[in-house]
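The analysis underlying the following values was restricted to heavy atoms, covering all of them including side chains, and did not include hydrogens, waters or symmetry mates.
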Amino acid sequence: MGNHHDEGRCENCIIRQLNALKTLSKQELKRISDSKVTKSVKKGDAIFEEGEKLNGVFCVRNGVSKLSKMSDNGKDQIVKIATKGEVLGQRSVITEEKTNLSAVALNDMEVCYIPKNYLQESISNNIAFTKAILIHMANDLKFADDVIVNMAQKTVRQRIAETLRYLEKNFGIDDDGYIAMTLTREDIANVVGTAKEACIRTLTSFKKEGWITTDKKRIKIEDDKALYRLIEDV
């Protein structure tokens, strides 16, 4: 029984402090830990697909995934970038409906799969846990509302500027000053809800303005104030 095994247990896991699992008692966590399965997910692989029936949730230990929905015209719309500590599939498990989103790994990931019957007892008996899940879902709804308003009221240029600043704020920069989370141009377009060509055109114009520099897929923000002014329309 090495250290690694101990760290892999829910009751000792640092990640649970980032989500509703932090409200569970040691006993509840022990039960969940005995039932969970830790899986590695390779970059580009799906954790689950839209329309799947989930029999549990996935807690992200490491890595980043994109949650997206396929629109009627066959285009992917990225709804959220989910990172360490996120619990994926909660809504589907609670409502017992098929998933309305797919989750695909943007880099190599480690996720813990927790079968739903081990959660349902805590949902029924632990008020703090139920409340924490409600708050999480309310925040997801609020985030979704903001996305809808953004789509309706902001230009593609503003939305791309916002996405770049969001990525830098949440993932930081590498040693060369580039945003540490590398998204393809297509992914950026899918976050923003535009065509890949429009995304490339916008990034090229940002480069001409001297606001960003690029190196293959990598992007570095050179003038954060200019991006901010564009977003706020000042």
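Shown here is Gln27, whose CD atom has no more than 12 heavy atoms of other residues, nucleotides or ligands within 6.0 Å. Atom OH of Tyr166 is surrounded by more than 12 heavy atoms from other residues, nucleotides or ligands within 6.0 Å. For CD of Gln120, the number of neighbouring non-hydrogen atoms (other residues, nucleotides, ligands) closer than 6.0 Å is greater than 12. Within a 6.0 Å radius of NZ in Lys43, no more than 12 heavy atoms belonging to other residues, nucleotides or ligands are found. Heavy-atom contacts from other residues, nucleotides or ligands closer than 6.0 Å to NZ of Lys217 number 12 or fewer. Annotation for Lys196: atom NZ does not count as buried by contact number, only 12 or fewer foreign heavy atoms lying within 6.0 Å.
Two residues are said to be in side-chain contact when any heavy atoms from C-beta on lie closer than 4.5 Å; Ile221 and Ile179 meet this criterion. With a 4.5 Å cut-off on side-chain heavy atoms, Trp211 and Leu230 count as touching. For the pair Ile219/Ile188, a side-chain contact is recorded, criterion being any heavy-atom separation below 4.5 Å from C-beta on. Side chains of Gln77 and Met70 form no contact here, defined as non-hydrogen atoms less than 4.5 Å apart. In this structure, the side chains of Arg185 and Leu203 come closer than 4.5 Å at one or more pairs of heavy atoms. Inter-residue side-chain proximity for Glu50 and Lys98 is flagged as unmet; no heavy-atom pair is nearer than 4.5 Å. No side-chain heavy atom of Gln158 sits less than 4.5 Å from a side-chain heavy atom of Gln153. Val111 is not listed as a side-chain neighbour of Arg61, based on a closest heavy-atom distance of 4.5 Å or more.
Between Glu86 and Lys80, at least one side-chain nitrogen of the basic residue sits less than 4.0 Å from a carboxylate oxygen of the acidic one, meeting the salt-bridge criterion. The existence of a salt bridge linking Asp34 and Arg9 is confirmed by a sub-4.0 Å separation between a basic side-chain nitrogen and an acidic carboxylate oxygen. Salt bridge annotation for Glu97-Arg91: present, with a cationic side-chain nitrogen under 4.0 angstrom from a carboxylate oxygen. Ion pairing between a basic and an acidic side chain is recognised when a charged N comes within 4.0 Å of a carboxylate O; Asp233 and Lys154 show no such pairing.
Follow the hydrophobic side-chain contacts under 4.5 Å out from Met137 and you reach Ile114 in the same cluster. Val87 and Ile81 are assigned to two separate hydrophobic clusters, defined by single-linkage of ILVMFWY side chains at heavy-atom distances under 4.5 Å. By the rule that hydrophobic residues join a cluster once side-chain heavy atoms approach within less than 4.5 Å of another member, Leu101 and Val104 end up as members of separate clusters. Leu18 and Leu29 fall into different hydrophobic clusters, where Ile, Leu, Val, Met, Phe, Trp and Tyr residues are linked whenever their side-chain heavy atoms come under 4.5 Å apart, directly or through other members.
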### Task
May I have the step-by-step check of side-chain contact (heavy atoms from CB on, under 4.5 Å) for Cys112 and Lys39, ending in yes or no?
CA-CA 6 Å; Cys112 293; Lys39 303 177 173 186; over 6 Å; no
### Query
Asp187 and Lys66: salt bridge (Lys or Arg N to Asp or Glu O under 4.0 Å), yes or no, with the steps?
CA-CA 9 Å; Asp187 276 339; Lys66 57 177 179 181; 2.8 Å; yes
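For Ser65 against Leu88, the heavy-atom pair with the smallest separation is OG-CD1, 3.9 Å. The two residues Leu21 and Cys59 have their closest heavy-atom pair at CD1-SG, 4.2 Å. Heavy-atom minimum distance, Val64 versus Phe171: CG2-CE2, 3.6 Å.
Checking Asn150 against Glu162 by side-chain atom types alone, a donor-acceptor pair falls below 3.5 Å. Side-chain contact annotation: Ser124 with Glu121, donor-acceptor N/O pair under 3.5 Å absent. Side-chain contact check for Glu28 and Ser122: at least one donor-acceptor pair (N or O, by modelled atom type) lies under 3.5 Å. At a cut-off of 3.5 Å, with distance as the only test, no side-chain donor of Thr213 or Lys207 sits close to an acceptor on the other residue.
Taking the centre and axis of the six-membered ring of Tyr113, the NZ or CZ atom of Lys36 falls outside the cone set by 45° and 6.0 Å. A cation-pi geometry, defined here as NZ or CZ lying under 6.0 Å from the six-membered ring centre and within 45° of its normal, does not hold between Arg31 and Tyr118.
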